[in-house]
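Worksheet: one structure, shown below.
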Amino acid sequence: MSQEINSFEIVKGLIHTCVKKLNLSKSVYDILSEPQRVVTVTIPVQMDDGSVRVFTGYRAQHNNALGPYKGGIRFHQDVNLDEVKALSAWMTLKCAVINVPFGGGKGGVIVNYKELSSAELERLSRAYIRAIAPVLGDEMDIPAPDVGTNGQVMSWMMDEFSRYRNYNEFGVITGKPVIVGGSLGRVEATSRGCVFAIREAAKVTGLKLQGATVAVQGFGNVGSIAARLLHEDGCRILAVSDSSGGAYNPKGLDIPALEEYKAQTGSVKGFPGSQDISNDDLLTINCDILVPAALENQITEKNAGRIKAKIVAEGANGPTTPEADRILAEKKVLVLPDVLANAGGVTVSYFEWVQNLYGYYWTGEEVNQRLERKMVEAFHNVYDLYKKRKDVDMRGAAYMLAIERITEAMRVRGWLGSQVYSEAKREIMLA
Ligand code: NAD
């Protein structure tokens, strides 16, 4: 499904619509419709058997008007340049929605990491970061984990970059283990933020979270922890899935036991007491809250009409196509868009970076409280605009909020023409 749909064309189309609705100049669209810089790298890596495999990697730096480029690194066999460009644009928008002083970037390597040994994965991680090192730095571009990468990979990358610099630069990468400058709460941050957004959405829609029913697509970092936190909040998790299959129990799944089962077997499929469920059935089961937390383009015009959830909280980036958005809006489903719903990850990445620059570390409680404040504020900023404008859905409102902030930064930086310059000059002349 994801092959046919080009996420970069989708995000450009959405930016175009919002720039028009906001009556902004064409230059704003021209700047935001392409990354400022894209780096493609060829990465030779020695395999355990002595042979050499050559991988292709990318880093897209979309926009840095609000601060250094920020965004994860994906290791997946389907990575392609347009996907990385789309993900980098979403990061620019997300950082602006959640109001952290970062721009957007994203990286990816075409690889099925499951086929590599741990030593091969380490060599690939180090080689990739070395290849893009000239465009990275704690004030330039700061990667983080995404699909197929984790804290261990971030550690190798930080270590390799520190060797390149010849001193420890912890702030060049976030999502690190706590022992090497990671932040408490970062592993859970994306899911915790998503749950904060769901709580606010439940309040405004009058849904009681206690006893609410949930389906979660994807049982990796974001999906499994979101399922656990919602389970702890008293929700009944009816179904979850991963790339191998799904598990369904109409009475609710025991999520901690399921996490253990997945750790032992590598999949949620076959969890004792559950029935198998296909991905399509999972998305369309009767439930209150649907959390897509796998990959792009999962909710499309083909299945959107059958979705029964009242709230769709996008843990994943880009899981819903524009046609599906229109169908869900007609059905009065409240969609919490990716640039809001999964912004908890980059928020705590920002906290991690701040702590690295300070060299002073916060308690987990402080991190979670600050995250909650950020998520609640962003949710209501987006929701209020959505209610006020009436001509946009929640995604449109989030994009508008973001594009206004980015445009203001570009305007005062002088990227949109000489008006600011001449005003400043006049002031200097008058003084
Ligand atoms: P992950 O690699 O830890 O997990 C991905 C999960 O999706 C795995 O369980 C995998 O089996 C499953 N999956 C893959 N293809 C599937 C399919 N076709 N059907 C069902 N499940 C499938 O990755 P993650 O970090 O949890 O990221 C998931 C999504 O969340 C991605 O869109 C990512 O960009 C987004 N995201 C992640 C973070 C973060 O902090 N990790 C932050 C923001 C957004």
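Quick note: residue numbers are just sequence positions, from 1.
Nearest heavy atom pair, residue Leu66 against residue Ala409, reads CD2-CB, 3.7 Å.
In this view, Asn166 satisfies the side-chain contact (heavy atoms from CB on, under 4.5 Å) rule with no residue, not counting sequence neighbours. Judged as a side-chain hydrogen bond (donor to acceptor under 3.5 Å, both in side chains), and not counting sequence neighbours, the contacts of Arg228 are Glu259. Listed by chain and residue number, Val187, Ile225 satisfy the side-chain contact (heavy atoms from CB on, under 4.5 Å) test with Asn221 (two or more places apart in sequence, or in another chain).
Ring geometry for Tyr386 against Tyr383 counts as tilted: the plane angle lies between 30° and 60°, on a 0 to 90° scale. Between Trp362 and Phe351, the angle of the ring planes lies from 30° to 60°, which puts this pair in the tilted group.
Using a 4.0 Å cut-off between charged side-chain N and carboxylate O, Asp384 and Lys388 make no salt bridge. Checked for salt-bridge contact, Glu330 and Arg326 miss the test: no charged N lies under 4.0 Å from a carboxylate O. A salt bridge between Arg74 and Glu83 is present, with a side-chain N of the basic residue lying under 4.0 Å from a carboxylate O of the acidic one. Between Glu408 and Arg405 there is no salt bridge, since no side-chain nitrogen of the basic residue lies less than 4.0 Å from a carboxylate oxygen of the acidic one. With salt bridges taken as basic N to acidic carboxylate O contacts below 4.0 Å, one links Arg306 and Asp280. One finds no salt bridge joining Lys94 and Asp338 here, because no Lys/Arg side-chain nitrogen approaches an Asp/Glu carboxylate oxygen to under 4.0 Å.
The 12-atom threshold is not exceeded at NZ of Lys20, counting heavy atoms of other residues, nucleotides or ligands nearer than 6.0 Å.
Checked against Phe196 for a side chain to side chain contact (heavy atoms under 4.5 Å, CB included), the options Arg373, Glu372, Lys374 give a single hit: Glu372. Among the candidates Gln36, Gln61, Arg37, the single residue satisfying the side-chain hydrogen bond (donor to acceptor under 3.5 Å, both in side chains) test with Tyr69 is Gln36. Checked options Thr174, Thr92, Asn64; the residue passing with Lys70 is Thr174 (criterion: side-chain hydrogen bond (donor to acceptor under 3.5 Å, both in side chains)).
Rounded to the nearest 0.5 angstrom, Asp242 CG and Phe219 CZ are separated by 8.5 Å. We find the CG-OH distance between Leu371 and Tyr350 to be 13.5 Å, quoted to the nearest 0.5 Å. Annotation: the span from Lys387 atom NZ to Leu385 atom CG amounts to 12.5 Å, rounded to 0.5 Å.
Glu352 places a side-chain N or O within donor-acceptor distance of the main-chain N or O of Lys176, the cut-off being under 3.5 Å.
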